[in-house]
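Inspection log for the structure reproduced underneath, given as structure tokens.
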Amino acid sequence: MEPQYNPARTEREAQSHWRSTGAFRAREDAAKPKYYCLSMFPYPSGKLHMGHVRNYTIGDVLTRYHRMRGCNVLQPMGWDAFGLPAENAAIANAQPPAAWTYANIAYMKRQLQSLGFALDWERELATCDPRYYRWNQWLFLRMLERGLVYKKTGVVNWDPVDQTVLANEQVIDGRGWRTGALVEKREIPMYYMRITAYADELLDALQRLPGWPERVKLMQANWIGKSHGVNFGFPYALDGERRVMRVFTTRADTIMGVTFCAVAAEHPLAEAAARRDPQVAAFVEECKRGSVMEADLATIEKKGVPTGIFVTHPLTQERIEVWVGNYVLIGYGEGAVMAVPGHDERDFAFAKKYGLPIRQVIEVPGKRFSTDAWQPWYADYGVCVRSGKYDGLDYERAVDAIAADLARLGLGEKQVQWRLRDWGISRQRYWGTPIPIIHCDACGDVPVPDDDLPVVLPEDCVPDGSGNPLAKLPSFYACQCPKCGRPARRETDTMDTFVDSSWYYLRFCCPDNDAAMVDERTAYWMPVDQYIGGIEHAILHLLYSRFWTKVMRDLGLVAVEEPFTNLLTQGMVLNEIFYRKGEGGRIAYYNPADVEVKLDDAGKRLGAVLRADGRAVESDGIGTMSKSKNNGVDPQALIEQYGADTARFFIIFTSPPEQSLEWSDAGVDGAHRFLRRLWAFAAQWRPALLETSKMRAGSVAGHAYPGDLAARAPHVAKLRREIHGVLGQANYDMQRMQFNTVASAAMKMLNALQEAAVTQPGALADELRLALHEAMSILLRVLYPITPHLAHTLWHELGFAGELMDAAWPEVDQAALETDEIELVVQVNGKLRGHVRVPKDADRASIEQAALAVDAVRKHTEGKAVKKVIVVPGKLANVVVA
RNA sequence: GCCGGGAUGGCGGAACUGGUAGACGCAGCGGACUCAAAAUCCGCCGGUGGCGACACCAUGAGAGUUCGAUUCUCUCUCCCGGCACCA
């Protein structure tokens, strides 16, 4: 054994040992409880970043821990390989996305392997592989057959210069990222998946996911957004035709306060008004410019124009004017809303701005209504006033009565409304799963027959930013109609990459099956016992995966109701974002490693410059590490300098998993120092520990301190008390997944070991030797999930039995924790004033007496009446004085 | 704007069910070893006052509940994530 820690050699040897023994190959084994541990697979952006290291280290810790607890573990890895960055890289480097992606996968795979994760690489998959995405296409066709896929128009960002559809990410301040042209909204036909058909179940089943964080379930519930209300119509006549404008409201109790209505720019009424009023037309045009993002729509100034069209209030017969409002969403509800400025904040602001009437129709006791300024209580539930026959009714009764009256008129009914919209999966892009549809002039949209799957994506295209290259590639799109055999055109849109990631966890169970999407092996491994990934996926990816699983269940393909039993949402790894704005609004991002932050003498920040040219760069604050913002930190330098175990230990130690983390490598030295110190300690005491290992090799208890040998020496008893006390905490922390304090626990154990060992530097007494042996065995097992190479190597070097990865997780010896006396905290009026030692089984009265006898307590209670003494057994005594 | 989360020393963080605030580290300071440096080891290390014993203040800000609040409640500020075409 080398006297000094050599991470490169340790890791090389441990990894080759694991590789040659196939240590992490997962096989179905009905005899053992299974544990499927999955980390969200990475997008192959080029290099791993710290977020990946954090994510996969957490997964690895859990996988190795559960294996020691006796589980048959599966931890697979794959590549979320389709997506936009590959096309961006293609534009920049004139290289096909496929070549770029495969090169990135090869590099990142080596990085993952160098980190020593216990992955079953035989199950590796990449979503850009036709053997994978053919099943996207296959399931798409099954969903199409069942009406779960349909076609309708959707709104996209259109760059008029490049003649291409832009992702939201590619729109910066309303302009195309490459051209700087003002982006327009455009409606195009797209395929949708009917996730709304599962809205009720997706919401309901959240209650049966106790292993998910409450906040994620809350976010999903809010996203699905079930609301109860009334859908009703305002009759009107237009061009001599009698029609009805439908709206949905959750506040039907305020219906008598309607003073106007508002419709979205895309609403038929707005279009009708635009045809005869140029002002309305201009406003509708204005609304069609700008972003399609909800966040932008929500923050823009609320504006509108009157259409000159009037509808009839269904209950009062009042004439109500219709406005076009830029804040009304065509995609939500009916694209039209009734406006009650008295009791809706948005409507109030709108009415104030345009001088429209505001009417109070809800009263809350003790509150005074005024049209001067909005007050939050205006939106509260109360009692109807100035509402004719509904006066005096509370919310529930008013809604019931109004819904009944509207129903009698044939104009409305109660309705459940969802915020959730169907999932648009069409992308006008090249690097994705081709949608298996053929457009025939005679037969319409014809599904590609199953026998013709997969529709293979050509891998040699180089996008140039001006639209989808597939649409310019006759060898791809030219085809025959499967129905009539006449020339036809293949669909050139591809699928949203969320499709790929919606079921990869199922494919990991049976990645080698070329005949079926999934097979019976999913019954063994599914559901995923522990899923780990960034909190940024709390809604979309996780909701789509839940939906997809339910669809597959209904198709009889899998048996599970929900894909992920337990979810750990990892906090983001953040770093500062630096950029420069070039001509035409183009933005270039610079990696923080290449930027120097300038400080003044007082340490105040003056600015930042790019090291390469010394010119200033702007800061865009801190944000999640990403390819697009170029603020990732490559872990490679860290691994090369310190080794994988240090990188793993550091990322685990520096923060609890769920917390977001601003990247800083301060402290890496400390992590490395600890591992060196542990190695040196092991090397120093190796002869004694080896000898003890030999002596105890046949012991059933393994490495536990023998129960028949009482630890009489105080320093031995102290060591055992400390080790087992820390172990108890570590076990608790492991279970609640607070791994940073498990790492701390390992450090505390080494500190205790060193302290105990120096107490008797000469010949080791048997008692101490056995206690050190036991403590070291516990320490290595606790540390193994975090720093497996080092722990594995020391385990062998010190002669501990068997393979560490299959050693049983250590348990606390309660006998080691016992003491005769305990120390209690003594407070006066809740303030710490001293300590007192009492027998461990002391009763309340004697504790009270002991507390009152403490000098500091006497000083602070002198001349005052003691009202009572609060005794918390085992913890404290608090003397309360007047 | 809406939904979800967070804020504790110079820094990362700890404090289990409301019970010793600052575990474990980093950085810093002082010392030992050394010709010297690195490595290693020992000590100190929230703030203010005091030689000291000790006292007071302190968990983003402000209020409240409690014998006692980092922990529970309310209001506010700032930061992070999501908002349906980044993944």
Roughly how many Å is it from [atom1] in [X] to [atom2] in [N], rounded to a whole number?
| X | N | atom1 | atom2 | value |
| --- | --- | --- | --- | --- |
| Ile651(A) | rC26(B) | CD1 | P | 17 Å |
| Leu574(A) | rC79(B) | CG | C1' | 10 Å |
| Met219(A) | rG6(B) | CE | P | 10 Å |
| Lys627(A) | rC86(B) | NZ | P | 17 Å |

For a quick check of understanding: with a heavy-atom distance under 4.0 Å over all strands, which category does [X] fall into, base, sugar-phosphate or nothing?
| X | result |
| --- | --- |
| Leu876(A) | base |
| Thr654(A) | sugar-phosphate |
| Gln827(A) | base |

Please list, for nucleotides 56-60 of chain B, all pairs of protein and nucleotide N/O atoms separated by less than 3.5 Å.
residue: rC56(B); atom: OP2; partner: Arg833(A); partner atom: NH1; Å: 3.4
residue: rC57(B); atom: OP2; partner: Lys831(A); partner atom: NZ; Å: 3.2

Name the residue closer to the 5' end of RNA chain B, choosing between Lys859(A) and Phe41(A) according to the nucleotide with the nearest heavy atom. Lys859(A)
Option passing side chain to side chain donor-acceptor pair (under 3.5 Å) with Arg427(A) (candidates Thr433(A), Asp493(A), Asp496(A), Thr497(A)): Asp496(A)
Assigned glycosidic conformation for rG64(B) [threshold 90° from 0]: anti
Ion pair present between Lys353(A) and Glu301(A), side-chain N to carboxylate O less than 4.0 angstrom? yes
Assess the side chains of Thr624(A) and Glu536(A): does a donor N or O sit below 3.5 Å from an acceptor N or O? no
Do the side chain of Glu294(A) and the base of rC2(B) come within less than 3.5 angstrom through a donor-acceptor pair of N or O atoms? no
With a 4.0 Å cutoff (strictly under), does any side-chain N or O of Gln170(A) reach OP1 or OP2 of rC85(B)? no
Between Tyr504(A) and Phe41(A), how do the two ring planes meet: parallel, tilted or perpendicular, split at 30° and 60°? parallel
If you write RNA chain B from 5' to 3' in dot-bracket form, with Watson-Crick or G-U pairs under 3.5 Å, [ ] for crossing pairs and | for pairs with another strand, what do you get? (((((((..(((......[....))).(((((.......))))).((((....))))..(((((..]....))))))))))))....
Over all heavy atoms of both residues, which pair between Arg429(A) and Ala167(A) is shortest? Give the atoms and the distance, please. NH2-CB, 3.9 Å
